[in-house]
Amino acid sequence: MSTDSRLDTSKVATSNRTDAATASKPSPAGSLASWADDRLGLATAMKKNLRKVFPDHWSFMLGEIALWSFVVLLLTGVFLTLWFNPSMGHVTYEGSYDQLRGVGMSEAMASTLHISFDVRGGLLMRQMHHWAAAIFIASMMVHLLRVAFTGAYRKPRELNWVIGCILLLLGTLEGFTGYSLPDDLLSGTGVRAADGFLKATPVAGSYMSFLLFGGEFPGESIIPRLYIIHVLLIPGILLALIAAHMLLLVYHKHTQWPGPGRTEQNVVGYPMLPVYAAKAGGFFFMVFGIIALMGGLLSINPVWKFGPYDPTKVTAGSQPDWYMGWPDGLLRIIPTGWESVIFGYTISWNVMLPILIVPPLMLVVLMMLPFLEGWITGDKRDHHLLQRPRNAPTRTAVMVALMTFYGLAWAAGGNDIIAIKLHASINQITYFMRVAIFVGPVLAFWITRRWCISLQRHDNDKLLHGYETGIITRSPDGQYAERHLPISTSAAYSLTARDRDEIFTADGETDAAGVASPNSRSEKLRARLSRWMYVHNVQKPTAAELEEAHHHAAHEAELTSGLNQPVDGHQFDDHHLRDADEVPLRDH
Amino acid sequence: MQLINRTAGRLSRHRRGPLAGLAVLLLGLLISGSLYTAFSPAQAQNQASETDQIAQGKELFLASCAFCHGKNGEGIPTVREGYQIGPSLVGVGAAAVDFQVGTGRMPMASPGAQAPRKKVVFNDEETAALAAYVASLAPGPAIPNESDYSIEGLSEEEREEAISRGGQIFLTNCTACHNFNGAGGAMPRGGYAPSLHGVEGKYIFEALLTGPQAMPNFSNGNLTPEDKRDVIAYLDSIQETPEYAGFTLGGLGPVSEGLFAWLVGIGSLVGAAVWIASHTTRTKKSKVNA
């Protein structure tokens with residue numbers, strides 16, 4: 001028997017009695033756990049994972065909103081499938097909603113109305129499902145922004161970033177297919193638009209449209225096909241990718257903010273049990289609760305007011321759900337005449353550019369961000385400590401520029417609503433957006449980068465001169481100055497826990513023997529980009545600078561010590577100073 | 001019978017009383033006075049109205065409308081080809097005047113993309129006079145009667161049919177500009193299709209008939225008076241029906257829904273995340289920094 005001191009000795013008898021000691025009867029839960037462990041070997045896996053440590057910060061919980069709203073989507077979605085009938089078969093509505101009774105519609109629309117008015121809790125479930133979808137994609141984007149702004153996508157997490165981008169794409173497609181299912185006027189208009197987008201594809205467009213719709217639009221196949229994509233195909237891929245996303249999170253361990261005791265090798269935080277299980281579990285109920293409140297109180301997609309889809313009808317305010325708003329906005333502001341005719345075939349640039357070219361391009365740019373950054377910096381190290389957005393000014397500025405582009409395109413998608421609510425001319429909004437979509441991101445980039453750099457400068461001021469106390473002192477010669485006090489050691493540690501930026505410089509074009517070095521052109525480009533990325537950044541102070549600043553600050557403190565004491569009016573004249581040790585000289 | 005006998009008997013007993021003569025005199029005066037006010041002045045006014053009302057209307061027109069529409073309602077063109085300060089009112093009919101003046105759109109406060117609905121300037125009598133004057137310029141659509149735009153006279157079943165038929169007519173002809181909820185929509189160059197919420201049936205009927213501003217004209221050959229009535233019935237019904245789904249967010253469609261998903265949904269959930277992260281699972285309130 002081992003004498004390992006870590007051995008659990010609680011079941012070993014401590015007396016020296018002569019009869020054998022018997023273990024106390026195990027609790028029912030304990031015996032169940034043993035039963036399961038004997039058969040599944042859970043203890044080994046649990047032992048490690050239940051104590052897994054996660055760092056604590058609110059911004060690390062944004063992805064959790066997406067996860068939990070996805071769970072709400074699964075729960076409410078299953079409820080809806082019990083009544084929804086994905087068929088384009090024609091029926092006459094005879095349900096509870098007066099205004100549509102006797103109107104002909106598809107079975108999909110009729111069953112949506114049935115869920116809304118005749119199934120107990122059906123409308124709540126429909127609205128919860130729709131709100132959860134809107135929140136699911138919104139929270140993915142907020143999470144994406146957090147990851148990008150803190151540099152969490154750097155090595156080793158680039159692939160998880162790519163998975164996240166694919167999740168965003170799939171979530172958007174899943175949302176669009178769901179939006180299209182009720183076959184009401186709004187969704188039908190959306191499907192009609194999608195048909196137009198497909199047909200704008202050169203050469204293959206009409207074939208793709210006929211394949212998807214099983215003939216000419218609208219046909220009778222589109223709703224059943226979208227349904228199976230919506231309830232089986234995309235959710236299956238989503239689930240698998242979410243699992244991969246989270247397994248990679250566990251494998252990489254979560255990133256953390258720099259601070260005393262936190263390094264690239266450790267994770268400082270709370271264990272899964274009991275802390276994170278409680279926090280995450282509690283958060284699920286909060287997400288569920290807020291979505292339930294919204295579903296209960298706020299109307300979303302009132303299909304009964306839209307009525308059944310009919311290609312001859314359309315309504316003002318026909319917009320896609322918010323996440324498809326930005327391509328719609330680009331479509332709204334692109335000049336209508338941008339078409340070219342080649343061999344008698346029309347190429348509709350005015351549809352292709354905003355829908356088929358720019359959005360996929362944006363997605364590719366998004367996925368490539370960590371790889372592009374990694375190539376420019378040449379940084380092959382693992383990063384588990386996050387960067388503050390200000391300490392990567394160029395990256396932050398690029399993200400803000402992309403956000404500005406997205407936001408302007410998004411706003412353009414609501415141009416009609418903006419026009420009526422702000423009493424503006426829709427034409428003027430369009431002209432403004434056509435310029436702003438190009439100028440806005442450039443301005444945003446420049447402003448953000450300068451802003452970050454001045455924040456870096458401010459951090460250095462805090463390190464070197466301390467923080468601003470708000471106490472204004474007046475020197476004998478009448479000069480006013482604000483008193484600074486040194487920041488705490490841990491704050492100083494956090495501020496200085498970052499690397500110095502190193503601008504990459506390409507080797508000469510030829511080596512000493514005059515032979516052109518390989519990759520010299522890409523190396524030169526890399527050097528230029530590296531310079532562009534880093535050259536204006538403010539680096540943290542050196543140890544010598546800090547030392548000198550502390551010395552100076554100590555001296556200053558000495559000079560001004562007593563200023564927070566009641567003032568007798570003799571601080572700076574001879575009466576007072578002559579009494580002290582080491583009398584500072586007046587002319588110092 | 002007994003009651004009549006008794007009353008007659010009582011009257012008969014008092015017919016020679018001291019105040020009987022006065023009472024009969026007063027009664028006679030009351031009856032003749034009532035009859036006179038009921039018939040004679042009304043007839044006199046009706047006869048006078050045809051010409052007086054038009055004359056009154058013309059006076060009001062010259063003071064308030066002629067600046068843009070011309071002294072005889074012929075309209076005033078600008079130097080630019082195809083532009084007008086005010087269009088000709090010849091043949092627009094009383095319905096157009098009743099709509100434009102009755103909803104406060106006319107007289108216009110200032111030239112702009114569109115005459116907005118605002119506080120009504122003229123009272124009913126003045127509006128009627130203006131309408132009579134403009135109607136006298138040339139034949140045009142008349143002000144509809146209440147029976148034209150009300151489904152009061154129909155049976156319960158007919159009403160339901162009218163409402164659902166009106167809904168389909170509304171979705172075919174009106175929602176492209178006025179939105180599925182009648183909440184209004186944008187038109188080019190700062191124009192807009194106004195909200196239909198709370199608009200009287202009469203004005204909707206008149207607007208359909210006369211096509212004010214950017215709105216197309218839905219003549220009776222295009223949409224029969226019954227079709228118009230059904231649209232009005234549908235609009236009334238969706239305003240009377242309780243909002244089953246909760247707060248409508250303006251009834252503007254997915255744009256306002258997206259706004260609420262971000263502001264209310266993501267806003268409160270990020271707030272919840274901040275709250276959770278700032279608390280430990282300990283019962284102690286103070287935060288323990290990890």
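Throughout, a chain's letter reflects where its sequence line sits, starting with A, and its residues are numbered from 1. Heavy atoms only: backbone and side chains are in, while hydrogens, waters and symmetry mates are out.
Contacts between B:Tyr234 and chain A at a heavy-atom distance below 4.5 Å involve the side chain alone, from C-beta outward. Only the side chain of B:Leu249 comes within less than 4.5 Å of a heavy atom in chain A; its backbone stays farther off. Both the backbone and the side chain of B:Ala176 come within contact range of chain A, each with at least one heavy atom under 4.5 Å from a heavy atom of that chain. Looking at A:Trp68, neither its backbone nor its side chain comes within 4.5 Å of chain B, counting heavy atoms on both sides. Heavy atoms closer than 4.5 Å to chain B are found in both the backbone and the side chain of A:Val287. Only the side chain of A:Tyr431 comes within less than 4.5 Å of a heavy atom in chain B; its backbone stays farther off. Contact of B:Ser256 with chain A is not made at all, since no heavy-atom distance falls under 4.5 Å. A:Pro55 does not touch chain B: none of its heavy atoms, backbone or side chain, sits under 4.5 Å away. Contact annotation for A:Ile291: neither backbone nor side-chain heavy atoms come within less than 4.5 Å of a heavy atom of chain B. Only the side chain of A:Ile417 comes within less than 4.5 Å of a heavy atom in chain B; its backbone stays farther off. Only the side chain of A:Ile290 comes within less than 4.5 Å of a heavy atom of chain B; its backbone N, CA, C and O stay farther away.
Looking at every heavy atom in both residues, B:Phe180 comes nearest to A:Thr315 through N-OG1, 2.8 Å. Across every non-hydrogen atom of A:Ser299 and B:Gly246, the tightest pair is CB-O, 4.0 Å. Pairing each heavy atom of A:Trp131 with each of B:Ala261, the nearest pair is CZ3-N, 3.7 Å. Taking each heavy atom of A:Leu186 and B:Pro254 in turn, the nearest pair found is CD2-CG, 3.7 Å. The two atoms that bring A:Met286 and B:Ala272 nearest to each other are CE-CB, 3.7 Å, heavy atoms only. Between A:Ile426 and B:Ala186, the shortest heavy-atom distance links the atoms CD1-CB, 4.0 Å.
For the pair A:Asp310 and B:Gln168, the minimum side-chain heavy-atom distance is 4.5 Å or more. For the pair A:Pro302/B:Asn181, no side-chain contact is recorded, criterion being any heavy-atom separation below 4.5 Å from C-beta on. A heavy-atom distance below 4.5 Å is not found between the side chains of A:Met141 and B:Ile266. In this structure the side chain of B:Leu252 reaches within 4.5 angstrom of the side chain of A:Ile420, judged on heavy atoms. Using a 4.5 Å cut-off on side-chain heavy atoms (C-beta onward), A:Trp58 and B:Val270 make contact. Between A:Lys313 and B:Thr175, every side-chain heavy-atom pair lies at or beyond the 4.5 Å cut-off.
Taking B:Gly190, B:Gly166, B:Gly258 one by one and counting their heavy-atom pairs under 4.5 Å with chain A, the maximum is reached by B:Gly190. When the candidates B:Ile163, B:Thr241, B:Val274 are compared by the number of heavy-atom contacts under 4.5 Å with chain A, B:Val274 comes out ahead. Per-residue counts of heavy-atom pairs under 4.5 Å with chain B were compared for A:Asp416, A:Leu298, A:Thr312; the largest is that of A:Leu298. For the options A:Tyr323, A:Tyr179, A:Phe306, heavy-atom pairs under 4.5 Å to chain B are most numerous at A:Phe306. Considering only heavy-atom pairs separated by less than 4.5 Å from chain B, the leading option among A:Ala134, A:Pro320, A:Ala138 is A:Ala138. For chain A, the option among B:Pro116, B:Gly185, B:Gly253, B:Gly167 with the highest count of heavy-atom pairs below 4.5 Å is B:Gly185.
Distance CG/B:Leu259 to CH2/A:Trp322: 12.0 Å, rounded to 0.5 Å. Note: A:Phe283 CZ to B:Leu269 CG = 5.5 Å, rounded to the nearest 0.5 Å. Summarising the geometry, atom CD1 belonging to A:Ile65 is positioned 8.5 Å from atom OG belonging to B:Ser268; distances are rounded to the nearest 0.5 Å. Between B:Glu160 atom CD and A:Asp98 atom CG the span is 5.0 Å, to the nearest 0.5 Å. We find the OH-OH distance between A:Tyr97 and B:Tyr244 to be 7.0 Å, quoted to the nearest 0.5 Å. Rounded to the nearest 0.5 Å, atoms CG (B:Leu171) and OH (A:Tyr309) are 13.0 Å apart.
Crowding of A:Phe432 atom CZ: a count of heavy atoms from other residues, nucleotides or ligands under 6.0 Å not exceeding 12. Counted within 6.0 Å of CD on B:Gln84, heavy atoms from surrounding residues, nucleotides or ligands total more than 12; the atom is thus considered enclosed. Environment of CZ in B:Phe247: crowded, with over 12 heavy atoms of neighbouring residues, nucleotides or ligands closer than 6.0 Å. Atom CD of B:Glu157 is surrounded by 12 or fewer heavy atoms from other residues, nucleotides or ligands within 6.0 Å.
Residue pairs satisfying the salt bridge (charged side-chain N to carboxylate O under 4.0 Å, His left out) criterion with at least one member in residues 231-247 of chain B, sequence neighbours excluded, are listed as follows: A:Lys305-B:Glu243.
Residues of residues 115-129 of chain A having a heavy atom under 4.5 Å from any heavy atom of chain B, listed by number: A:Phe117, A:Leu123, A:Gln127.
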